[in-house]
Protein chains: 2
Amino acid sequence: MDTVFKALSGATRRQLLDRLHSSNGLSLGELCAEMGMTRQAVAKHLTLLEAANLVVVRRRGREKLHYLNPVPITEIADRWIGKYERHKVRVLADLKRGLEERSDG
Amino acid sequence: MDTVFKALSGATRRQLLDRLHSSNGLSLGELCAEMGMTRQAVAKHLTLLEAANLVVVRRRGREKLHYLNPVPITEIADRWIGKYERHKVRVLADLKRGLEERSDG
DNA sequence: GAAATGTGCAACTAATTGGTTGCATGTCAA
DNA sequence: TTGACATGCAACCAATTAGTTGCACATTTC
C-alpha cells in the first residue's frame with residue numbers, strides 16, 4: 001500500500017500512467033518517446049510502478065510490454081471514504097467537475 | 001491536483017488523515033499526540049494537507065480545528081479509471097479485499 | 001556470427017524532503 | 001496585565017529522490 005502512494009507521488013510516473021491509460025501495452029522504448037529524459041530514468045520509474053502493482057508487464061521477445069492495473073487506485077479511496085459515504089462524495093465530485101467544465105473547461 | 005499526490009506521498013500525512021477519518025475536527029495539539037515528533041513537524045504536514053484541500057480548517061479561539069475533505073481523493077481514481085470501467089474495477093477490488101480478509105485478515 | 005535493437009544494472013550528483021531547534025505571536029484566565 | 005496555553009515562522013541537517021553517464025546482456029536480422 002505504501003508503495004502505491006510512493007509510486008503516484010512523482011509527476012513523471014503519473015504521466016506514464018496517463019500514457020498507458022490512453023494506450024495500453026506499450027514497450028519501454030515506446031514509453032520513452034516524448035518523456036524528455038533518458039531511457040534509464042524512465043525504466044527506474046516503471047520499476048516503482050511495477051512494485052506498486054500499478055503496472056503489470058508481459059515479455060514479448062526482447063520487448064517488455066506495460067499494462068495499467070487500476071485496482072490499487074480504488075483501494076486508495078477505500079482507505080478514507082466509508083462504504084456508505086462513497087455515493088455522496090461521488091455526487092459532490094461530479095458536481096464539482098461539472099462546474100469546472102462550464103467555467104474554465 | 002499535483003499537490004494532492006504530494007500530500008498523500010508521506011506516511012506521516014496519511015496517518016494524520018487516518019486520525020481525522022476516525023475522529024474529525026481535531027486541533028493541532030490533539031493531532032500531535034501519538035505522532036512521535038515535534039508539533040512543528042506535524043504543523044508542516046498539515047500545511048501540505050491544507051494546500052491539497054484534503055484538510056479544511058476552522059478557527060475556534062486560539063485553536064485550529066482540522067476536518068477531512070474526501071473529494072480530492074475521489075478525483076484521483078477518476079484520472080485513470082473511466083466512468084464505465086468503475087463498476088468492474090470496484091467488483092474486483094471488493095473481491096480482492098474479501099479474499100484477503102478470509103486468508104490473513 | 002556480426003550488427004542493430006531493446007533492455008538491465010550501478011555509480012554519481014543536484015535538488016527535495018522530513019525532521020529538528022529556537023523564537024515570536026495570539027488568546028484565555030485570574 | 002501577567003502567566004499559561006495553542007499556534008506560527010525560519011534556519012538548519014540528514015536522508016531520500018530524480019535524473020545523469022557508462023557499460024553489460026539478450027534478441028532479432030542479415
Side-chain angles (χ1 to χ4, degrees), chain A residues 1-20 23-69 72 76 79, chain B residues 1-20 23-69 72 76 79:
Chain A
M1 188 67 172
D2 245 31
T3 56
V4 175
F5 292 105
K6 183 174 180 179
L8 290 177
S9 70
T12 301
R13 289 187 289 274
R14 295 196 295 273
Q15 199 180 337
L16 288 170
L17 292 181
D18 288 339
R19 300 276 306 275
L20 292 178
S23 173
N24 219 2
L26 297 175
S27 69
L28 171 58
E30 288 168 329
L31 280 169
C32 283
E34 301 177 48
M35 290 304 289
M37 73 186 65
T38 61
R39 170 184 58 76
Q40 288 87 336
V42 175
K44 274 205 255 183
H45 288 299
L46 288 170
T47 300
L48 290 186
L49 289 169
E50 287 177 50
N53 201 29
L54 283 163
V55 162
V56 293
V57 300
R58 186 170 68 87
R59 304 216 60 127
R60 188 179 59 187
R62 59 184 165 185
E63 287 179 309
K64 190 177 180 182
L65 306 183
H66 300 76
Y67 297 87
L68 175 61
N69 176 24
I76 293 176
R79 177 164 177 173
Chain B
M1 188 66 175
D2 245 31
T3 56
V4 175
F5 292 106
K6 182 174 180 177
L8 290 178
S9 69
T12 301
R13 289 186 289 274
R14 295 196 296 273
Q15 198 180 339
L16 288 170
L17 293 182
D18 289 339
R19 299 275 307 274
L20 292 177
S23 172
N24 218 3
L26 297 176
S27 69
L28 172 57
E30 289 168 326
L31 280 170
C32 283
E34 303 178 46
M35 292 303 288
M37 72 185 65
T38 62
R39 171 185 56 79
Q40 288 88 337
V42 174
K44 274 205 256 181
H45 288 299
L46 287 170
T47 301
L48 290 186
L49 289 169
E50 286 178 50
N53 201 29
L54 283 163
V55 162
V56 294
V57 300
R58 186 171 67 87
R59 303 216 61 125
R60 189 180 58 187
R62 59 185 164 182
E63 288 179 308
K64 190 177 180 184
L65 306 183
H66 300 77
Y67 298 87
L68 175 61
N69 176 24
I76 293 176
R79 177 163 176 175

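Note that this is a predicted model, so its numbers are computed, not measured. Naming: A, B, ... by sequence-line order, numbering from 1 per chain.
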Are any non-hydrogen side-chain atoms of A:Cys32 and A:Leu28 less than 4.5 angstrom apart?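 They are in contact (side-chain heavy atoms under 4.5 Å apart), so the answer is yes.
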Are any non-hydrogen side-chain atoms of A:Arg79 and B:Leu17 less than 4.5 angstrom apart?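 Side-chain contact under 4.5 Å: no.
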Closest to side chain of B:Lys64, choosing from D:dA6, D:dG8, C:dG6: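 For B:Lys64, the side-chain atoms sit closest to D:dG8.
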Going by number, which of residues 25-32 of chain A have a non-hydrogen atom under 4.0 Å from DNA chain C?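 Of all residues in residues 25-32 of chain A, the ones placing a heavy atom under 4.0 Å from DNA chain C are A:Ser27, A:Leu28, A:Gly29.
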Expressed in angstrom and rounded to an integer, what is the separation of [X] atom [atom1] from [N] atom [atom2]?
X       : N      : atom1 : atom2 : result
A:Leu46 : C:dG8  : CG    : P     : 9 Å
A:His66 : C:dG8  : NE2   : C1'   : 12 Å
B:Gln15 : C:dG19 : CD    : C1'   : 15 Å
B:Leu8  : C:dG18 : CG    : P     : 12 Å
B:Arg59 : D:dT7  : CZ    : C1'   : 7 Å

Select base, sugar-phosphate, or nothing to describe what A:Arg60 touches, counting heavy atoms under 4.0 Å on all strands.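 It contacts nothing in the nucleic acid.
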For residues 36-47 of chain A, tabulate all N or O donor-acceptor pairs below 3.5 Å that involve a side-chain atom, not counting sequence neighbours.
from    : atom 1 : to      : atom 2 : distance (Å)
A:Thr38 : OG1    : A:Ala41 : N      : 3.3
A:His45 : ND1    : A:Arg13 : NH1    : 2.9
A:Thr47 : OG1    : A:Ala43 : O      : 2.9

A:Asp2 side, atom CG; B:Ser9 side, atom OG - distance, nearest 0.5 Å: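 So the CG of A:Asp2 and the OG of B:Ser9 are separated by 10.5 Å.
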About how many Å separate CG of B:Leu26 and CG of B:Leu65, when rounded to the nearest 0.5 Å?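 The distance works out to 8.5 Å.
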Write down the protein N/O and nucleotide N/O pairs, taken from nucleotides 22-27 of chain C, whose separation is under 3.5 Å; answer none if there are no such pairs.
from   : atom 1 : to      : atom 2 : distance (Å)
C:dG22 : O6     : B:Gln40 : NE2    : 2.9
C:dT27 : O2     : B:Arg62 : NH1    : 3.3

Set of side-chain contact (heavy atoms from CB on, under 4.5 Å) partners for B:Gln15, sequence neighbours left out: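 With sequence neighbours excluded, B:Gln15 shows a side-chain contact (heavy atoms from CB on, under 4.5 Å) to B:Met35, given in chain and number order.
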Using distance only, find each side-chain donor-acceptor pair of residues 48-62 of chain A under 3.5 Å and give its atom names and separation, not counting sequence neighbours.
from    : atom 1 : to      : atom 2 : distance (Å)
A:Glu50 : OE2    : A:Lys64 : NZ     : 3.2
A:Arg58 : NH2    : A:Tyr67 : OH     : 3.3
A:Arg60 : NH2    : A:Glu63 : OE1    : 3.1

With no hydrogens and no angle check, is any side-chain donor or acceptor of [X] less than 3.5 Å from a backbone partner on [Y]?
X       : Y       : value
B:Arg19 : B:Glu30 : yes
A:Arg14 : A:Ala7  : no
A:His66 : A:Gly25 : no

Closest approach of B:Asn24 to B:Leu68 (non-hydrogen atoms, all atoms of both residues):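 That closest heavy-atom pairing would be OD1-N, 2.9 Å.
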Quick one, give me the B/S/- string for nucleotides 11-19 of chain D, reading 5' to 3', where B means a protein heavy atom under 4.0 Å from the base and S means that only happens at the primed atoms, P, OP1 or OP2. B-----SSB
